[in-house]
Amino acid sequence: DDRLFVLRRMEEIRLKNNESFNLPADYEFSLKHGFSKFGAYTFKEPVKYKIEFYGNTQIWIKENSWADDQIIDETENKTTLTFTSSQDDKILEWILSCGADAKPVEPGDFVQRWKDKIRKMSKLAET
């Protein structure tokens with residue numbers, strides 16, 4: 001059985017009959033966190049993301065670790081973060097939380113999802 005649990009949501013945790021658990025020798029946690037540092041989510045095969053950041057968000061991007069294979073490129077106006085992950089939904093939430101200071105560049109289908117979400121948000125703002 002391959003399940004993931006959110007520990008902060010658990011209540012009244014008790015051991016039963018002095019049970020213990022040992023991870024299998026071939027267990028690889030990186031397969032569970034999607035090759036990046038957005039939590040333990042696995043939604044699809046890992047892909048390469050490229051995201052441009054602007055304004056004050058640039059500082060935050062440079063100060064944190066987002067994935068083991070991350071590459072950060074800087075120019076005068078933007079910071080570009082490239083990394084591998086399988087956590088599409090979490091990355092989309094993250095980019096949207098940055099507002100106008102984040103713009104995904106790759107992969108193409110992810111960029112389209114971002115644009116579609118922004119269009120929906122814009123329609124909500126008009127009502």
Side-chain angles (χ1 to χ4, degrees):
D1 192 2
D2 196 14
R3 298 182 290 173
L4 297 173
F5 297 95
V6 179
L7 293 178
R8 70 178 173 272
R9 294 182 191 160
M10 294 180 156
E11 297 177 359
E12 300 181 31
I13 300 169
R14 295 186 186 102
L15 290 175
K16 287 175 37 179
N17 304 324
N18 294 324
E19 288 183 272
S20 64
F21 173 78
N22 294 314
L23 286 174
D26 63 348
Y27 184 82
E28 180 55 54
F29 182 72
S30 66
L31 299 175
K32 301 295 176 211
H33 66 72
F35 300 94
S36 59
K37 302 183 187 296
F38 293 91
Y41 304 92
T42 54
F43 294 112
K44 63 179 194 171
E45 290 297 313
V47 295
K48 189 72 82 174
Y49 291 85
K50 185 175 186 178
I51 306 164
E52 295 174 349
F53 294 92
Y54 306 91
N56 291 333
T57 305
Q58 291 177 265
I59 297 166
W60 180 55
I61 294 305
K62 293 183 282 189
E63 291 177 343
N64 289 283
S65 178
W66 306 102
D68 292 337
D69 69 341
Q70 74 182 31
I71 298 170
I72 296 177
D73 292 313
E74 295 183 73
T75 65
E76 191 174 309
N77 300 332
K78 68 183 174 192
T79 299
T80 303
L81 173 65
T82 306
F83 63 97
T84 304
S85 180
S86 67
Q87 300 167 323
D88 205 70
D89 292 341
K90 296 305 281 182
I91 295 168
L92 181 59
E93 290 174 20
W94 172 53
I95 291 172
L96 289 168
S97 75
C98 295
D101 286 336
K103 175 186 169 188
V105 178
E106 295 175 6
D109 59 331
F110 180 79
V111 173
Q112 188 58 52
R113 282 186 61 213
W114 173 73
K115 289 178 180 181
D116 292 344
K117 187 67 85 171
I118 291 172
R119 285 185 190 101
K120 288 179 184 177
M121 292 168 62
S122 177
K123 286 180 183 177
L124 285 174
E126 293 173 5
T127 58

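Residue numbers count from 1 along this sequence. No experiment lies behind these values; they were computed from the predicted model shown. Quick note: numbers below take in every heavy atom, side chains included, and nothing from hydrogens, waters or symmetry partners.
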Acceptor/donor pairs from residues 119-127 side chains to any protein atom, 3.5 angstrom cut, sequence neighbours excluded:
| from | atom 1 | to | atom 2 | distance (Å) |
| --- | --- | --- | --- | --- |
| Arg119 | NH1 | Asp116 | OD1 | 3.1 |
| Thr127 | OG1 | Leu124 | O | 2.8 |

Working to the nearest 0.5 angstrom, can you tell me the gap between Glu52 CD and Asn77 CG?
10.5 Å

Is any side-chain heavy atom of Phe110 less than 4.5 Å from a side-chain heavy atom of Ile91?
yes

Applying the 4.5 Å side-chain criterion to the ILVMFWY set and letting contacts propagate, would Ile118 and Trp94 be lumped into a single cluster?
yes

Using a 4.5 Å cut-off on heavy atoms from C-beta on, say whether the side chain of Leu92 contacts that of Trp114.
yes

Distance, nearest 0.5 Å, that separates CG of Asp101 from CZ of Phe53
9.5 Å

Measure the NZ-CD distance between Lys62 and Gln70 for me, rounded to the nearest 0.5 Å.
13.0 Å

For Ala67 and Phe83, work out which heavy atoms get closest and say how close.
CB-CB, 3.6 Å

side-chain contact (heavy atoms from CB on, under 4.5 Å) for Lys78 and Thr75? Distances and angles first, verdict last.
CA-CA 5 Å; Lys78 68 183 174 192; Thr75 65; 3.4 Å; yes

Flag the pair Tyr49 / Ser85 as yes when at least one side-chain heavy-atom distance between them is below 4.5 Å, and no otherwise.
yes

Going hydrophobic residue to hydrophobic residue with side-chain gaps under 4.5 angstrom, can you get from Ile59 over to Ile71?
no

Near Lys48 NZ, under 6.0 Å, is it more than 12 heavy atoms from other residues, nucleotides or ligands?
yes

Between CD1 of Ile61 and CD1 of Ile51, what distance do you get to the nearest 0.5 Å?
7.5 Å

Is there a side-chain contact between Leu81 and Lys50, using heavy atoms and a 4.5 Å cut-off?
no

Could you tell me whether Asn64 atom CG has more than 12 heavy atoms of other residues or ligands within 6.0 Å of it?
yes

Hits for salt bridge (charged side-chain N to carboxylate O under 4.0 Å, His left out) against Glu106, two or more places apart or cross-chain, chain-then-number order -> none

Closest non-hydrogen atoms of Pro104 and Val111, given as atom of the first, atom of the second and distance, are O-CG2, 3.5 Å

To the nearest 0.5 Å, tell me how far Thr79 OG1 sits from Glu74 CD.
4.5 Å

Nearest 0.5 Å, please: how far is OG1 in Thr80 from NZ in Lys103?
10.0 Å

Could you check, using the six-membered ring where one of them is a Trp, whether Trp66 and Trp60 have ring centers closer than 6.0 angstrom?
yes

